[in-house]
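Side chains are part of it too, since the values below use all heavy atoms of this structure and drop only hydrogens, waters and symmetry mates. All chains are named by letter (A, B, ...) in the order of the sequence lines, taking the proteins before the strands, and each is independently numbered beginning at 1.
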Amino acid sequence: MSEEKNEPLDFIRSIVTEDVKNGKRDGQVVTRFPPEPNGYLHIGHAKAICIDFGIAKEFGGVCHLRMDDTNPTKEDVEYVDSIQEDVHWLGFDWGENFFYASYYYDKLYEFALELIRRGKAFVCDLTAEEVKEYRGTLTEPGKESPYRNRSIEENLDLFERMRKGEFPDGAKTLRAKIDMADPNIHMRDPAVYRIRHAHHHRTGDKWCIYPMYDFAHCLSDSIEGITHSLCTLEFEIHRPLYDWFIDAVGAEPHPQQIEFSRLNLTYTVMSKRRLLELVNGNYVNGWDDPRMPTLCGFRRRGYTPEAIKKFCEILGITKTNSLSDIALLEHCLRDDLNKRAPRVLAVMNPLKVVIENFPEGDVDELEAINNPEDPSQGSRKVPFTRNIYIDRNDFMEDPPKKFFRLGPGREVRLRYGYFIKCNDVIKDADGNIVELRCTYDPETRGGSAPDGRKVKGTIHWVSADHAVEGEARLYDRLFSVENPGAEKNWLELLNPDSLEVKKIYVEPCLAEVEPGYICQFERQGYFCADKDYTQEKPVFNRSVALRDSWAKAQGKK
RNA sequence: AACCCCGUGGUGUAAUGGUAGCACAAGUGGUUUUGGUCCACUUAGUCUAGGUUCGAAUCCUGGCGGGGUUGCCA
């Protein structure tokens, strides 16, 4: 009975709250997440998952996971497995409530029979092309099929023979008898069953007729006792049909379909068709390529489930067509990672630095905090030696005004190490900088000077003798335009930078840098992701990211 | 020129007839052993025209704009 007046309720929660209050369906809440196993789950699905599972949980209900597998030609067990894995990874649990629409093929067949017996469906011999002609257009009504008035007995007989496999694909369909003049084209005698002599990933060759989405979905919901059938906006126009089928066969209970807007992200393509094209065309290395907006792609890129869920929560539930800024998603990840990800020193684009007053062969073990945001994560030792690498981007021979890092004659702090001062710049014959000669101040061990003097910059470094070398791709964004989803020639907009392989050098506390991708977050840092990414893996912070940010700012001026 | 849905800062949202608020982004300043984090501040909004009302982002009507719908896909 608690009244949470201050908590704003989105329109779906308002409806559910009202239903529960009114004792509708005994106050039970049962939702479902119903993907078709024809591809991998992407960030757009994450929103639906958060809503479906989230609302069920909030109202003390359950959420089913149901594979909407009514089209055997497009589906595969590979996808079933990945979907389960990804939903679990996000942190949701369907318990015992895992189903397939194909579990209900027998019941659905019975419902179809009932539809025929009630005179509400007929077997139609029109070809696909003819059906299209008869359907009419958006502005003109359709014409009734010449087969529309077959007797119930004949329909029953024909439908039974369809099931037995007496007809080839496309020869006949079972159609609902509704209204060919309905302004909603989906109500103009829609198909209920079609013939498909195809092997189904679960039921094998048992069936050669398969129910259409509109018929199977609402009745599957009813069979499972779903109370609120939440889906995206494109199904809005299907809702009258959803209701019609349930009423027409007299199914109980009658779930309520409610639609919300789907997620769109800037710089990202989201449709399964296009993602499949990226995979099949080898533009990416599979569904879990870290550049993909799939959940497994985000996972490899180092995203946490918490960040994704938080993002979905912030977006809220509305019916407004929207294009969400991926910067918000990145913010959610930084926010999460910042609190818990261990940090490690890293250098990309190494520049050798010789500390002239540090003895050759000596190793100084320095103490480094694992996570400045979380002291409980402890510290580690970092070896300091005469020869180190810093990032090329952290040195400028002719530093402009607001550049705070190393330059000739300047002093900076090596993070967790010493202050160093640049005395000399060594170049090769072509004038490229190949080495820096510096001196360190032994008094500044740990990073602070007893005399109280300050430095403006703190830079990353690794011991040249101890650094672990690896390669990684620098992930920026797969696409280089605002919204490639809207572009016709979207494949040409792939960002070439996303393919660039870079060297990376990290502290010896890491055994190796596994080949993978490096995710770039300006001003926050990079972290490395790979096939077996875990949240315990470190963020390679600062260095290049900050440099790029600075460069970008300069470019603006 | 059909039907349905949706229009609040650049973006995503809150306010359900009573002070237009939050977050991201952008910008400025401060703290800082990550140019990160954190803190403070700034910029910026109810598509439009009428109507109802003491009072409209909210209700009504028209216009304008965006999206969806003509699979034997889901």
Base, sugar-phosphate alone, or nothing: which one does [X] contact when heavy atoms must sit under 4.0 Å apart?
X	result
P37(A)	nothing
Y210(A)	nothing
G316(A)	nothing
K319(A)	sugar-phosphate
S322(A)	sugar-phosphate
L414(A)	nothing

Taking syn as any angle within 90 degrees of 0 and anti as the rest, which one fits G71(B)? syn
Using the [atom1] atoms only, state how far [M] lies from [N], rounded to an integer number of Å.
N	M	atom1	value
C47(B)	G7(B)	C1'	7 Å
G50(B)	U42(B)	P	34 Å
A40(B)	G67(B)	P	40 Å
U43(B)	C22(B)	P	13 Å
C60(B)	G18(B)	P	16 Å

Using the side-chain heavy atoms of [X], tell me which of these nucleotides is nearest: [options].
X	options	result
D68(A)	C5(B), U70(B), A74(B)	A74(B)
I237(A)	U69(B), C5(B), C73(B)	U69(B)
E234(A)	U13(B), U70(B), A74(B)	A74(B)
S324(A)	U8(B), C72(B), G12(B)	G12(B)
T318(A)	A14(B), C6(B), G67(B)	A14(B)

Hey, does the side-chain of E373(A) have a donor or acceptor N/O within less than 3.5 Å of a partner on the base of G36(B)? yes
More than 12 non-hydrogen atoms from neighbouring residues, nucleotides or ligands closer than 6.0 Å to NZ on K310(A), yes or no? no
Can you list, by residue number, the residues of residues 180-197 of chain A that have a non-hydrogen atom closer than 4.0 angstrom to RNA chain B? P183(A), I185(A), H186(A), A191(A), R194(A), R196(A)
Between K456(A) and E411(A), does any NZ, NE, NH1 or NH2 come within less than 4.0 Å of an OD or OE carboxylate oxygen? no
Carboxylate-amine/guanidinium proximity below 4.0 Å for R239(A) and E259(A): yes
All stems with RNA chain B, defined as three or more consecutive Watson-Crick or G-U pairs under 3.5 Å: B:2-7 with B:64-69, B:10-13 with B:21-24, B:26-30 with B:38-42, B:47-51 with B:59-63
Comparing T139(A) and L328(A) on RNA chain B - which has the more 5′ nearest nucleotide: T139(A)
